[in-house]
Amino acid sequence: MRATALFMPTVKEDPADAEAVSHKLMVRGGFVRQFASGIYVMLPLGWRVMQRICRIIREEMDGIGALELSMPTLHPADVWQASGRYDAIGQEMFRLQDRGGRDMVLAMTHEEVFTWLASRELRSYRDLPQIWYQLQLKFRDEPRPKGGVLRVREFLMKDSYSFDLDDAGLEESYAKHIGAYDHIFQRCGIDIYRVESDSGFMGGAQAHEYISPSPAGEDRIALCEACGYAANVELARSVAGGTDGLEALLKSDEEPEGPPREVATPETRTIDEVSGLLGVLPAAIIKALVYMAGDQPVMALVRGDHDLHESKLARYLRSEVRAALPEEVLAATGCEVGFVGPVGLPEGGRLRVVADESLRPATQCGGEDGATPGSLARPREYAAGANKPHTHLVGVVVGRDFQPEFADLREARAGDGCPQCGQPLRIEQGIEVANIFKLGTKYSTPLGATVLDEGGKERPIVMGSYGIGPARIAAAAVEQSNDERGIVWPKAIAPFDVHLVQVQVKDAAQSEVAAAVHDALSAEGWEVLWDDRDERPGFKFADAELIGCPVRVTVGKKAAQGVVEIEARRGGAREEIPAVDCGSHVRRLWEAAS
RNA sequence: CGGGGUGUAGCGCAGCCUGGUAGCGCGCAUCGUUCGGGACGAUGAGGUCCCGGGUUCAAAUCCCGGCACCCCGACCA
């Protein structure tokens, strides 16, 4: 394709509102333009990338026997009411009414419609299994779109849904998807970690996310090099480390003498302040946080050097949680924020107290079912808020001075021990490009999607759902593969295979050779972008590097001798080759490219 | 939803504090010179200064209200 016949509005300067590298480069390279917050135009180059990604996805989905179809994006509310999500999901769902005043929604995902279809059309176990998929728009009214195309309000998604008679069938469909996804990401040329993920506190079935490492990503994952354990930090269990200097506190199994003692700590609210004033390590302080679970206050405890992960608390409590307002803290504990603690709570108060496993006394460790690993070394006595203004307690002993529930609440951090093998965990940041869920009968039961089994018994279909965000794959690829000059597309998803730069458009010999090269490569099946614009050479080279096609062929001074240059975008030598041989040289560089 | 920031030519920005002629770079148009790493000169087009209200002889500039967009946090089938 001739550049003069293409619309590729490249720009020299970074857009002012871009933060992520991929955002800047995709705007500068003429791939995308923002239309409104979280809503993007895919320009011709960007759309070509998307089409290539989608093609790979289609091939791999077809390869596991999945069937493509297309579902509506405008849904009547009643399907969503039937699944319960019309009320469960808040403002993230775009809602509207039709002229007759009927409630409608813009689809943010398609479990309901697919299940609706299954409920009408699948009747017998003989109709199973099925995997149906589509590449379709999703609408989510994100509170804060960001990162260019990474977090948006309208986006393309490949979503597939499996329908099986039983759990064994679901396992098989799930495994098929894992196989297909491995191929897809490998072919798209992006690095990926498949990690255990939160299936949401309503489900509880197994789920995985595919995280592509990038500083622009919003997810953090915990990884163990030694045994392969990998999980999103919102889920990851870990053995708390970082207790240097505390081992001494553990040595004695004797009861510490005396009850907790009050210490005046005026205007000392944060862990750092308390630590400084009392001369105690943060790890020997109990951090007490008050949350509202629905309308019930709950006190959550973690070690002072740890961070609470709210979704872990939410999952444990089986309720959405939010930090309590200062007046709610006062109502629940009788004390102002900054000095609350688990000891000395109001008599008769019903404040539920949940402590992280790392606070569990050594004597209570182990032996309990489902106990998650606690801490390698833990203090015997802690400092904690006294529930009196400007006062803390020291010498607090968990289990003696108060008896909380224990749960895994803290966020895993780098250096913590792997819950499986104890080796140190690594934390990596990344983009969630895909996810897979075992839904079970969560949708089939309420929506009445059942089949008759061999015995003539009606059974709800066992479902799975599986998503991929093609634009996120593109962004992840750019994040992982770029240099100071621009994008270095993985070859399978580049907008064109070959960028043919004709240095002098008005030079007859160059025009002739460029045309011949273009035609020859095209005839061999390469997609060629022929820059025939009347621009200065430097301008065109800069654009070629910005746009990032894997192979560049330059037709310049030596065209009259039938000589052109070829080089890989990823780097390496720039070679002079006979124009007539460009096919084999392109093939060679292509094979070498990633 | 909390906190912060921005809104002036297609893009990137200055001007605002201290009210009075709207400016710079890039891009764009025409002509000429250039032509292997984002050229140079000349000429030119292009503005509801986000919107509404107020103060003032006079508002891009000061005041009030709104909107949009960005960033941090919260949220995130």
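Order of the sequence lines fixes the chain letters, A, B, ..., with proteins taken first and strands second; residue numbering starts at 1 for each chain. What you see is a predicted model; the values in this text were computed from it and never measured.
A/Glu111 comes within 4.0 angstrom of a nucleotide base, judged by non-hydrogen atoms across all strands. Contact annotation for A/Arg322: no contact, since no heavy-atom pair falls under 4.0 Å across all strands. Among the heavy atoms of the strands, none lies under 4.0 Å from A/Lys540. Across all strands, A/Glu92 comes closer than 4.0 Å only to sugar-phosphate atoms, never to a base (heavy-atom distances). A/Leu439 comes within 4.0 angstrom of a base, heavy atoms only. Within 4.0 Å (heavy atoms only), A/Arg485 reaches at least one base atom of the nucleic acid. A/Glu535 comes within contact range of no nucleotide atom at all, as no heavy-atom separation falls under 4.0 Å. Across all strands shown, A/Ser37 has heavy atoms under 4.0 Å from sugar-phosphate atoms exclusively, and none from any base.
Comparing A/Arg153 and A/Ser465, the nucleotide of RNA chain B nearest to each residue sits closer to the 5' end for A/Arg153. Comparing A/Glu218 and A/Glu19 against RNA chain B, the residue whose closest nucleotide sits nearer the 5' end is A/Glu19.
Between A/Tyr466 and A/His177, the two ring planes are parallel [angle under 30°; tilted spans 30° to 60°]. Ring geometry for A/Tyr210 versus A/Phe185: interplanar angle of 30 to 60°, hence tilted. Using bins of under 30°, 30° to 60° and over 60° for the plane-to-plane angle, the ring pair A/Phe139/A/Phe94 lands in the perpendicular bin.
Annotation: B/G37 and B/A42 have their P atoms spaced 24 Å apart (nearest Å). Across the P atoms, B/G20 and B/G5 are found 25 Å apart, a figure rounded to whole Å. When the P atom is used for both B/C24 and B/A45, the distance is 13 Å, rounded to whole Å. Across B/U55 and B/C13, the matching C1' atoms stand 30 Å from one another, rounded to whole Å. The same atom, C1', is picked in B/A74 and in B/U18; the two are 41 Å apart, to the nearest Å. When the P atom is compared between B/U21 and B/C16, the two are found 13 Å apart, to the nearest whole Å. When the C1' atom is used for both B/A9 and B/A29, the distance is 15 Å, rounded to whole Å. A gap of 30 Å separates the P atoms of B/G65 and B/A22, to the nearest Å.
Residue-to-nucleotide contacts include a donor-acceptor pair under 3.5 Å from the side chain of A/Asp543 to the base of B/G38. Judged by atom type and distance alone, A/Glu565 reaches the base of B/G36 through a side-chain donor-acceptor pair under 3.5 Å.
Between A/Trp489 and A/Ser481 there is no side-chain heavy-atom pair separated by less than 4.5 Å.
Nearest to the side-chain atoms of A/Phe539 among the listed nucleotides B/C35, B/G38, B/C70 stands B/G38. Checking B/C69, B/A74, B/G38 against the side-chain heavy atoms of A/Ala542 singles out B/G38 as nearest. Candidate nucleotides B/G73, B/G25, B/A74 were compared by shortest atom distance to the side chain of A/Lys146, and B/G73 ranks first.
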